[in-house]
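Only this structure's heavy atoms are used, side chains among them; waters, hydrogens and symmetry mates stay out.
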Amino acid sequence: MTTPLPAEDDLPPLGPVPATAEAGNNLFPIFLKLEKFRVLVVGGGPLGLEKLTAILGNSPATAVTVVSKSFLPGILVLAQDFPDLQLRQHAYTHTDLVGHDIVFVTTDNPVLNRGIKAHATELGLLCNVADMAEECDFYLGSIVRKGDLKIAISTNGKSATVAQRLRSVLTDALPNELQEVLQHMTIIRGRLAGDFANKVKSLNAVTAELAGGPAYESPAAARWRKLATASLLAFAAMLVFNILSYYFTWQQAWDVATNARMFYIFVAIGFGAQLIDGLLGMGYGVVTAISLMSMNIAPAAVSASIHTAEMFASGASGYHHYRFGNVNKKLFKVLLIPGVLGAITGAYLLSRFGEQYAAYVKPLLAVYLLLLGTRILTKAFSKPGPRRKHKKLGLLAAAGGFLDSFGGGGWGPLVTSTLIAGGRTPQYVIGSVSVTEFFVTFASAVTFFATIGITHWQIILGLVVGGVAAAPLAARLAGRIPTRWMFVGVGLMVIVWSLWALRKLFM
């Protein structure tokens, strides 16, 4: 028989309780089940509408009575939407207080407001008087809500403007995925075994990443990570063996590493490309393609080299994004299979029918991304709108995987840009898309390896070394840049990619 886990209120304090209260805000924070109380609002003007909106917005099942000689149209609309809201159109009398537990006074008559407060105090009722902090028994906080998570901000009645500003900052800073975390916590609590200490320890491990600690890794996730690592190592061993057998000896590899100036240029290109890709969730193929083509390297060699090297860089990037808690696992699962199938299809068709057919696909992608990049830049300097739910993420992932292999790039620009433009949190989009990208590029690289072999190993090795070195730095920086400048970076990257692709059509 397992001991039930106590509620949050029953958990022991984290530290000793101070003997004396600190100077400043000595209000006692509390969250009420307001639907269990009877609420009276005196006043049907703007302040009354403001209080009603706050009450019903947070506790829509609360029974509220409003007393006033007249009502704003907004209050009449609320009365139609909330059946427990009753309107009494008459002047206030002392008998209106009878039968209520909490009173909100919102009239524009200060003398009347003080009189109502005095009568409420005589009856032992809690009372809030609008714009008269000294007459209030309690204040309403500025609310931040993310699903089941609710944070109330108080300035001890000093400044509603500061409270609203903090609410805006916290609303932007807290990711929407917190609701998913809270839903999972209920399931996790029900499955925990052992005594109280072990359960608290397990919950601390699960939630450590919310406070900036290392991300929790479940046994199932650990198995997947080990499987992915083993697959990467197996392919790396196969790649090394192939190169050693057919292309060069260990002495040649050492000579390249110690004497070849071009090798270090490839390392620098790989480092810069992976830093941008890990930070923005896109750009590896764009940066490497532009850099290598500017060195007059054949496009076919560029494509094969990028896809092979990107597998190692994306694997390192995905691992570090997962380690730093940037991954939405639900989004990852939705993108994985369609993305892999699209990548295999695109790589196979490209290897069989040649790169010339990709020219028909890339202009369409470039035009779409040019419009999307402009939209993202506009979004960076506008107020955030409601989040839209994408119903065809599988199709988006399949298109991204196909275009990435067949068209020479597009996984990050297409998938990441579309998800961010839809209002998803950039940090979690970038992390999830980066983890999925490893499997997409792995499938693409294996397909290329099986059909056309591997060429230009010097380029591949340099890009791999630079990309792996940049991956942990990029993952740590992801989400640290302000959201507005993240959108600017993504938008500019998409526009550069699209203009580069369109430029090639006319040259």
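At least one side-chain heavy atom of P46 sits less than 4.5 Å from a side-chain heavy atom of L72. The side-chain heavy atoms of L34 and I102, taken from C-beta on, include a pair separated by under 4.5 Å. Side-chain atoms of I75 and L52, non-hydrogen and from C-beta on, do get closer than 4.5 Å to each other. Here the side chains of M132 and K117 are not in contact, with every heavy-atom distance at 4.5 Å or above. Contact annotation: the side chain of V433 approaches that of L419 to within less than 4.5 Å [non-hydrogen atoms, C-beta and beyond]. With contacts defined as side-chain heavy-atom distances shorter than 4.5 Å, the pair V41/T65 does not qualify. Residues H119 and L123 fail the side-chain proximity criterion, which asks for heavy atoms closer than 4.5 Å. Side-chain contact between L85 and V66 is present, with at least one heavy-atom pair separated by less than 4.5 Å.
The backbone N or O of A133 lies less than 3.5 Å from a partner atom in the side chain of Y139, making a donor-acceptor pair. Side chain of T106 to backbone of L47: no donor-acceptor contact under 3.5 angstrom is found. Remark: side-chain polar atoms of D101 are paired, donor with acceptor, to backbone N or O of R38 under 3.5 angstrom. Under a 3.5 Å cut-off, the side chain of S142 and the backbone N or O of I153 do not form any donor-acceptor pair.
Of the inter-residue distances, the one linking T53 atom OG1 with L78 atom CG reads 5.5 Å to the nearest 0.5 angstrom. With values rounded to the nearest 0.5 angstrom, K33 atom NZ is found 12.5 Å from T62 atom OG1. Atom CD in E122 sits 8.0 Å away from atom NE2 in H94 (nearest 0.5 Å). To the nearest 0.5 Å, the span separating CD on E135 from OG1 on T121 amounts to 8.0 Å. Atom-to-atom distance recorded for F31:CZ and N58:CG is 9.0 Å, nearest 0.5 angstrom. With values rounded to the nearest 0.5 angstrom, T436 atom OG1 is found 5.0 Å from L335 atom CG.
Considering every non-hydrogen atom in both L331 and S432, the closest pair reads CD2-CB, 3.8 Å. Looking at every heavy atom in both residues, A54 comes nearest to L140 through CB-CD1, 4.4 Å. Shortest non-hydrogen contact noted between I344 and A443 is CG1-CB, 3.7 Å. Across R88 and F71, no two heavy atoms sit closer than the pair O-CZ, 3.6 Å. The shortest heavy-atom contact between A397 and P338 is CB-CB, 4.1 Å. Contact record, A130 with K51: CB-CE, 4.2 Å, taken as the closest heavy-atom pair.
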Exercise for review: Give the C-alpha distance, both sets of side-chain angles, the deciding distance and a yes or no for side chain to side chain contact (heavy atoms under 4.5 Å, CB included) between L76 and L87.
Suggested key: CA-CA 8 Å; L76 299 178; L87 305 183; 3.7 Å; yes
Review point. Going through the distances and angles, do I143 and I151 end up as a side chain to side chain contact (heavy atoms under 4.5 Å, CB included)?
Key: CA-CA 6 Å; I143 303 300; I151 301 172; over 6 Å; no
Point to revise | CA sep, side-chain torsions, deciding dist, call: C127, V105, side chain to side chain contact (heavy atoms under 4.5 Å, CB included) | key: CA-CA 7 Å; C127 187; V105 185; 3.7 Å; yes
Check your understanding: After noting the C-alpha distance and the side-chain angles of V64 and I55, does the key distance pass the side chain to side chain contact (heavy atoms under 4.5 Å, CB included) rule?
Key -> CA-CA 9 Å; V64 185; I55 293 169; 4.0 Å; yes
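Exactly one of T107, D96, I116 qualifies for a side-chain contact (heavy atoms from CB on, under 4.5 Å) with V67. That residue is D96.
Between F138 and F104, the distance from one ring center to the other falls under 6.0 angstrom.
Surrounding NZ of K69 are at most 12 heavy atoms belonging to other residues, nucleotides or ligands under 6.0 Å away. Under a cut-off of 6.0 angstrom, the local environment of CG in D137 is crowded, with over 12 non-hydrogen atoms contributed by other residues, nucleotides or ligands.
For D108, there are no salt bridge (Lys or Arg N to Asp or Glu O under 4.0 Å) partners two or more places apart in sequence or in a different chain.
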